[in-house]
Protein chains: 2
Amino acid sequence: MYKPKSDEEKVFLAEYDPDKYEKPSVTADIVVFTLDAKNSLSVLLIKRGGYPYKDCWAIPGGFVEMVESVDTAAARELKEETGLENLPITQIGTFGEVDRDPRMRVISVAYMAFVPKDSLCIKAGDDARDAQLFEVKNDEDGLVLVGERNVIKESELAFDHAKILRIALKRLRNRIDYTLDAFGFLKDNSSFTIYELKKIHEAVKLETEDTGNFRRDFLKKYVSTGLVENTGKKSQGTGSRAATLYRIKDPESFGSSEL
Amino acid sequence: MYKPKSDEEKVFLAEYDPDKYEKPSVTADIVVFTLDAKNSLSVLLIKRGGYPYKDCWAIPGGFVEMVESVDTAAARELKEETGLENLPITQIGTFGEVDRDPRMRVISVAYMAFVPKDSLCIKAGDDARDAQLFEVKNDEDGLVLVGERNVIKESELAFDHAKILRIALKRLRNRIDYTLDAFGFLKDNSSFTIYELKKIHEAVKLETEDTGNFRRDFLKKYVSTGLVENTGKKSQGTGSRAATLYRIKDPESFGSSEL
DNA sequence: GCAAAAGTGTTACCCGTACACCCATGC
DNA sequence: GCATGGGTGTACGGGTAACACTTTTGC
């Protein structure tokens, strides 16, 4: 907490006029990634109900309020859209072009979050909610977003959200190797198999990993460092050999920390 | 440019009231790195002339105006402080805690820039300008900034600028290996030696590089890829063997691009 | 000659990759 | 049995790190 150092300064602060200059609006937008039923990387989009870009799909977000930090605003938006709280969120950049929004000057701070598989109960065609998961694909000239019954190109997204989404994807693909982001996609981080984590890596990077190498990597990077531990239990009923179940040792300290 | 799709939308936009909600102020702050005479990594700080944090050292910055993008505001601040234009700038994060600034709600978007050695003509003790270079050092509990005749700890910086500076440093140290950031420190990117570039890497990473290995790296990463080319000339008057001079092939396209 | 930097060569080791192979489980 | 995934072994190759050594220039 800041303490003024003189009476003069107290007077200055008391009489300061915050409205001397015109100000922009600021939003916090959050790119929510998850894995869909087919283990493909998906993103949550909402259909805009009002102008501008009415009926366009957009990244969820909203205005930052005066009583909350920007990070808090992003977390609040995440909760409003998904019902999920206390997930680590990662800032990916701020977008501040003058004409981003036709209503007025809006600067957006973008974040991303990773949501456990199947934790979003958004049904296909559940149009009442106007929120939907889209599988993220690539074609020659950009992203393609594949919903249950609709396919859209990145250029159809509202505002500059195509740009935001592209940057989020790039960041995720970079970060997956040296952060704990991948664990955010796990259904249950206190009981998971190496195979599940491998599927997450494959979905994000869009390439298959070698089973043996991934296993050794996992043991070295996470288990031998004490971040993850063997539960002593085995999976069952999977239609194949029982696998060792692992858990994250200290879920509390599991922010968006780096290795 | 956005085009309304209906008359109804035109009316909506025309009648939209941007001042429905209270808004924060937004600043663009820029961390300016350079190498000092001793080839140590240094940062430009300015001494605050007014309240709050009067007489404290701070990262240069200023309010984003309504007619400029946030990136443009950062570039403008860079020019105002250093006189330098058209340098690549890199966004490093947005800082949006509620109480960052005792005057009012201020959200700061932080950038960093790299400035050629000796291009800043800030003399030590030139107090009229209130701007000074500080060598960046580390001690047990954080950054130490060493000026020509004063030494300050990170905790003495204004606002949350210690945090911003720490993040900038971290980013720079990561980025130096896979971006072209290092070239920004060169006095003349159309005539430089491998040794000069090596000194830059050493200043940033605070560790010495092996001559032979650095050389081979340089040739492989930059020369054989066509980013940098041999000028055919040799350095002279250095007190040691003449070195090959290299130049960046296409300085125009030399943004903060990644390799 | 000496110091400082330029430039070349060589070697040892680590690590990523690829691939082969056996094990366990459920259908 | 067969498909699927779990788990182990191993061998090759490339790249990095470490270091030795020669060359050139200015003082």
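Note that these values count all heavy atoms, side chains included, but never hydrogens, waters or copies made by symmetry. Residue numbering restarts at 1 for every chain, and letters A, B, ... go by the order of the sequence lines. Predicted model only: the values in this text are computed from it and were never measured.
A 4.0 Å heavy-atom criterion places the boundary nucleotides of DNA chain D facing chain A at D/dT4 to D/dT10, written 5' to 3'. On the nucleic acid side, DNA chain C has its first and last nucleotide under 4.0 Å of a heavy atom of chain B at C/dA4 to C/dT10, going 5' to 3'.
Here the two rings, on B/Y246 and B/Y222, have centers that are 6.0 Å apart or farther.
The neighbour count for B/K205 NZ, taken as heavy atoms of other residues, nucleotides or ligands under 6.0 Å away, is above 12.
Under 4.0 Å is where a charged nitrogen must lie from a carboxylate oxygen, and between B/K38 and B/E135 at least one such pair does. Salt bridge status for A/K153 with A/D139: absent, with no side-chain N to carboxylate O gap under 4.0 Å.
Remark: B/K234 in residues 220-238 of chain B come within less than 4.0 Å of DNA chain C through at least one heavy atom.
With hydrogens and angles left out, the side-chain atoms of A/R171 and A/N174 include no donor and acceptor closer than 3.5 Å. Side-chain atoms of A/S235 and A/T193 form no donor-acceptor pair, as typed in the model, at a separation below 3.5 Å. With hydrogens and angles left out, the side-chain atoms of B/T34 and B/K117 include no donor and acceptor closer than 3.5 Å.
Between B/D217 and A/D210, the residue anchored closer to the 5' end of DNA chain D is A/D210, taking for each the nucleotide with the nearest heavy atom. Comparing A/G212 and A/R241 along DNA chain C, the residue whose closest nucleotide (by nearest heavy atom) sits nearer the 5' end is A/G212. With DNA chain C read from its 5' end, the first of the two nearest nucleotides for B/R215 and B/K199 is the one closest to B/K199.
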